[in-house]
Amino acid sequence: MSIPYRLTPIADNISKERKKTGYYAQIVTRGTIDTAELCEEISAGCTLTTADMRAAIEALISSVSMKLKAGYNVCIDDLGTFSLSAESDKVESPEEIHSQSVRVKGIHFRPSVRMKKTMKNSEFERVITKKN
């Protein structure tokens, strides 16, 4: 299966001589796969039932969340690593920062080498949309 993309125009607003327009490739999603569909697909290729897969995914989510809250990064071999970033308000001195003023800014995912290699071998298919 190939990854669909479209060409999207982009204007060069930096150049003062004349306005230039170029194009860049932009991924076009085919939709979103939910947990139920993912569980059915995985269970079709192994001995686990759809219910077993759902239970495993729920347990994975719970465990990853607990480990991130405990201050760990979580590496799932051949998939990637999950980690947290934090934010707080800017203060004048370090003494003004307290645990109550720190918030989770985001959850980051760094794909594994295997996942990157798998994705680098992808094929692409140009789709024609009204925006092209």
Side-chain angles (χ1 to χ4, degrees):
M1 180 175 283
S2 57
I3 300 170
Y5 73 94
R6 69 173 173 238
L7 296 180
T8 302
I10 185 169
D12 177 7
N13 296 327
I14 297 173
S15 179
K16 291 187 169 120
E17 296 91 45
R18 68 176 220 257
K19 300 280 183 187
K20 296 180 185 177
T21 302
Y23 295 88
Y24 68 95
Q26 184 177 27
I27 299 295
V28 177
T29 181
R30 296 183 196 273
T32 301
I33 303 299
D34 64 8
T35 304
E37 191 172 346
L38 190 61
C39 288
E40 286 178 25
E41 185 175 321
I42 293 170
S43 69
C46 68
T47 60
L48 297 173
T49 67
T50 302
D52 292 336
M53 283 306 309
R54 171 147 323 255
I57 289 172
E58 289 295 329
L60 178 67
I61 292 167
S62 176
S63 184
V64 168
S65 298
M66 287 188 325
K67 293 302 180 188
L68 289 172
K69 285 182 176 183
Y72 293 95
N73 290 343
V74 179
C75 178
I76 300 173
D77 295 342
D78 295 332
L79 181 63
T81 302
F82 294 89
S83 61
L84 294 178
S85 63
E87 68 180 353
S88 66
D89 296 331
K90 184 178 177 184
V91 296
E92 295 293 321
S93 68
E95 294 79 25
E96 295 179 62
I97 292 283
H98 303 286
S99 61
Q100 296 86 359
S101 61
V102 181
R103 301 172 295 283
V104 171
K105 181 177 182 181
I107 301 171
H108 301 278
F109 175 73
R110 290 185 311 276
S112 68
V113 172
R114 178 180 172 189
M115 179 67 82
K116 285 182 196 176
K117 284 181 182 177
T118 300
M119 297 313 299
K120 283 186 180 181
N121 294 330
S122 298
E123 294 181 15
F124 290 86
E125 164 192 2
R126 185 171 167 187
V127 295
I128 305 300
T129 63
K130 293 178 184 178
K131 291 184 180 183
N132 284 3

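Since the structure is predicted, the reported quantities are computational estimates derived from the model, not experimental observations.
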Name the orientation class of the two ring planes belonging to Tyr5 and Phe124 (parallel below 30°, tilted from 30 to 60°, perpendicular beyond 60°).
-> perpendicular

Look at the side-chain heavy atoms of Ile, Leu, Val, Met, Phe, Trp and Tyr, link any pair under 4.5 Å apart, and say whether Phe82 and Val104 land in one connected group.
-> yes

Would the number of heavy atoms belonging to other residues, nucleotides or ligands and lying under 6.0 Å from CD of Glu41 be above 12?
-> no

Taking the side chain as C-beta and beyond, is there a heavy-atom pair between Leu79 and Met115 under 4.5 Å?
-> yes

Distance (rounded to the nearest 0.5 Å) between Met53 CE and Thr35 OG1 | 10.0 Å

Between the main-chain N or O of Cys75 and the side-chain N or O of Thr81, is there a donor-acceptor pair closer than 3.5 Å?
-> no

Below 4.0 angstrom, N of the basic side chain to O of the carboxylate: do Glu37 and Arg54 qualify?
-> no

Common cluster, Ile107/Val64, ILVMFWY with side-chain heavy-atom separation under 4.5 Å | yes

Any chance you could measure Leu68, atom CG, to Leu84, atom CG, to the nearest 0.5 Å?
-> 4.5 Å

Derivation of the side chain to side chain contact (heavy atoms under 4.5 Å, CB included) call for Arg30 and Met1 | CA-CA 12 Å; Arg30 296 183 196 273; Met1 180 175 283; 4.1 Å; yes

Rounded to the nearest 0.5 Å, how far does CD1 of Ile3 lie from OG1 of Thr29?
-> 11.0 Å

When rounded to the nearest 0.5 angstrom, what is the spacing between OH in Tyr24 and CG in Leu7?
-> 10.5 Å

For the residue pair Ser101 and Ser88, what are the closest heavy atoms and their distance?
-> O-CB, 3.4 Å

Tell me yes or no: between the side chains of Thr50 and Ser43, is some donor less than 3.5 Å from an acceptor?
-> yes

Looking at CD1 of Ile42 and CG of Asp52, how far apart are the two atoms once the value is rounded to the nearest 0.5 Å?
-> 12.0 Å

Output for pair (Lys67 NZ, Asn73 CG), nearest 0.5 Å, gives 13.0 Å

Is the backbone of Leu60 close enough, under 3.5 Å, to the side chain of Ser63 for a donor and an acceptor to pair up by distance?
-> no

Where Thr8 and Gln26 come nearest, the two heavy atoms and their spacing = OG1-OE1, 2.7 Å

Should Asp34 and Leu38 be marked as a side chain to side chain contact (heavy atoms under 4.5 Å, CB included) after you check the CA-CA gap, both sets of side-chain angles, and the distance that decides it?
-> CA-CA 6 Å; Asp34 64 8; Leu38 190 61; over 6 Å; no

After noting the C-alpha distance and the side-chain angles of Ser2 and Glu123, does the key distance pass the side-chain hydrogen bond (donor to acceptor under 3.5 Å, both in side chains) rule?
-> CA-CA 5 Å; Ser2 57; Glu123 294 181 15; 5.9 Å; no

Cluster overlap Val74 with Val113, hydrophobic side-chain contacts below 4.5 Å | no

Full working for side chain to side chain contact (heavy atoms under 4.5 Å, CB included) between Ser112 and Asp77 | CA-CA 7 Å; Ser112 68; Asp77 295 342; over 6 Å; no

Under 3.5 Å: donor-acceptor pair, side chain of Thr118, backbone of Arg114 | yes

Note: Arg103-Asp89 ion pair, threshold 4.0 Å (strictly below) = yes

